[in-house]
Amino acid sequence: MSSTSRPRPGEAGEGLVDVLVGFLIFGILAAVIVATLATLDRVTAQVSGSTQAATLASQVLAGAQAGSCGGLAGASPSPAARAALTRCTWGLNKVSSLADVTASNPATNATATPVLCTAADASTPAPANAAGVGACYQAANFTFTASLHFTWGWTTPPGASAVSGSLSNPSASWSACSIATGASYTSPDELIRTAIVRWPDLRSKRGYHHRSVTEVGAAPAALESEAVGGLGGLVVEVASPVPQDVGLVVPGFSAPIIAQTAPTGGQGCAVFPFLPPSGGYQVWVGNTSNLTSSPPVSAGLWSVANASAP
């Protein structure tokens with residue numbers, strides 16, 4: 001007598017539940033794996049971007065050193081300024097500049113929100129007046145934005161009156177922004193070059209990363225050899241809570257010498273040393289249309305111009 005095994009009541013339902021639970025667990029594991037792989041891809045890409053950015057910053061800085069970029073001053077002959085514009089040219093978009101190359105937000109001129117290059121920017125030549133335009137580079141899947149900043153420095157701060165800081169705060173650490181009109185001029189003996197490379201964050205439409213390289217070298221010998229007492233300097237003070245692009249227009253130069261302020265408590269300044277005595281200098285802040293005449297520069301003295309952001 002044969003017998004047939006039949007499922008007990010509920011076994012079929014339990015089997016279906018087991019299958020559904022299995023599919024659910026598999027789906028969760030698959031989602032976790034996909035998310036993990038995506039995260040690893042982003043992390044790998046960011047590491048790759050950081051490595052490439054560091055290499056690019058070093059290359060840009062090496063180019064600035066080889067080209068003697070950033071060392072132009074009013075005492076430089078105008079042919080030297082023209083030559084500098086041909087060799088101090090950066091990026092696929094060919095940004096030419098005497099001194100700083102800045103990627104400033106055109107609305108605020110704030111490097112806190114820099115204008116990052118796009119692939120289209122990299123293939124479009126920069127305008128003749130490229131203030132606020134970063135140099136665009138491409139490598140692998142990244143479009144990088146490079147900026148260059150050149151700062152004059154002193155191994156010993158110039159003058160006992162200046163070393164004490166501002167008149168209102170004599171104990172403050174010395175800053176070139178504390179130089180007052182009529183202070184005795186002392187030429188800087190250092191040129192500090194900094195290359196900054198930025199690239200977009202893959203997780204954010206507005207976020208970005210950056211790497212920088214800085215080198216401190218001697219001031220150009222050609223400028224230091226100028227007659228002692230025959231030159232002066234100009235400090236442009238700008239009241240602004242964000243960095244501002246400042247251009248010094250030198251008679252005979254086809255492009256302004258651009259320096260960017262570094263604000264301290266809403267007050268920043270740009271320093272232009274090695275200037276022959278003249279009343280023909282002009283400065284602009286933020287953009288070239290915001291142009292004003294600067295005070296005359298006298299031999300052996302500092303002059304100070306107070307300028308406003310647009």
Side-chain angles (χ1 to χ4, degrees), residues 57-77 80-81 84 87-88 90 97-102 111 146-166 172-180 183-197 211-238 243 245-248 250 253 256-264 267-276 297 299-304:
S58 296
Q59 292 174 345
V60 169
L61 190 60
Q65 294 169 333
S68 299
C69 303
L72 267 292
S76 307
R87 66 174 181 266
C88 299
W90 315 99
S97 177
L98 298 182
D100 284 10
V101 175
T102 61
T111 51
S147 299
L148 278 163
H149 297 287
F150 303 92
T151 306
W152 297 103
W154 291 260
T155 52
T156 301
S161 60
V163 72
S164 61
S166 65
S173 59
W174 185 84
S175 164
C177 296
S178 66
I179 294 176
S184 296
Y185 172 78
T186 302
S187 296
D189 52 9
E190 294 179 334
L191 179 56
I192 305 164
R193 298 181 176 95
T194 300
I196 304 171
V197 173
R211 295 291 298 270
S212 65
V213 178
T214 297
E215 181 270 345
V216 180
L223 293 177
E224 288 190 322
S225 65
E226 293 289 330
V228 176
L231 298 177
L234 177 67
V235 178
V236 181
E237 293 186 348
V238 183
D245 301 332
V246 179
L248 175 67
V250 179
F253 281 21
I257 300 175
I258 299 175
Q260 194 172 72
T261 66
T264 303
Q267 182 75 16
C269 71
V271 179
F272 300 99
F274 298 108
L275 298 181
V297 173
L301 299 175
W302 284 98
S303 297
V304 177

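- Across all non-hydrogen atoms, the minimal contact from Gly71 to Ser76 is O-OG, 4.3 Å.
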| Checking side-chain contact (heavy atoms from CB on, under 4.5 Å) for the pair Cys269/Val271: CA distance, chi angles, key distance, verdict? | CA-CA 7 Å; Cys269 71; Val271 179; 4.2 Å; yes
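- Taking all atoms of both residues into account, the shortest heavy-atom contact from Leu223 to Ala75 is CD2-CB, 4.0 Å.
- With contacts defined as side-chain heavy-atom distances shorter than 4.5 Å, the pair Pro273/Pro188 qualifies.
- Pro256 pairs by the side chain to side chain contact (heavy atoms under 4.5 Å, CB included) definition with Val249, Ile258, Trp284, not counting sequence neighbours.
- Residues forming a side-chain hydrogen bond (donor to acceptor under 3.5 Å, both in side chains) with Thr102 (at least two apart in sequence, or on another chain): Asp245.
- In this structure, the separation between OH on Tyr185 and CG on Leu234 is 11.0 Å, given to the nearest 0.5 Å.
- In this structure, the side chain to side chain contact (heavy atoms under 4.5 Å, CB included) partners of Leu61, at least two apart in sequence or on a different chain, are Gln65, Arg193, Ala195, Val213, Glu215.
- Taking each heavy atom of Trp154 and Ala176 in turn, the nearest pair found is CZ3-CB, 4.1 Å.
- Legend: residues meeting side-chain hydrogen bond (donor to acceptor under 3.5 Å, both in side chains) with Ser147, ordered by chain and number and at least two apart, are Arg198.
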| Would Trp152 and Phe274 count as a ring pair (Phe, Tyr, Trp, His ring centres under 6.0 Å) if you check the C-alpha gap in whole Å, the side-chain angles of each, and the deciding distance to 0.1 Å? | CA-CA 11 Å; Trp152 297 103; Phe274 298 108; 5.3 Å; yes
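- Residues Gly74 and Ile257 come closest through the heavy atom pair N-CD1, 4.4 Å.
- The side chain to side chain contact (heavy atoms under 4.5 Å, CB included) test applied to Thr214 returns Ile192, Thr194, not counting sequence neighbours.
- Under the side-chain hydrogen bond (donor to acceptor under 3.5 Å, both in side chains) criterion, Thr151 pairs with no residue, sequence neighbours left out.
- Between Val60 and Ser58 there is no side-chain heavy-atom pair separated by less than 4.5 Å.
- For the pair Glu190/Thr155, a side-chain contact is recorded, criterion being any heavy-atom separation below 4.5 Å from C-beta on.
- What you find for Leu191 and Cys69 is that their closest heavy atoms are CD2-O, 4.4 Å.
- The side-chain heavy atoms of Val250 and Leu98, taken from C-beta on, include no pair separated by under 4.5 Å.
- For the atom pair Trp302 CH2 and Ile179 CD1, the distance stands at 4.5 Å (nearest 0.5 Å).
- A distance of 10.0 Å separates OG1 in Thr261 from CG in Asp100, rounded to the nearest 0.5 Å.
- Nearest approach of Cys88 to Gly67, heavy atoms of both residues: SG-O, 4.0 Å.
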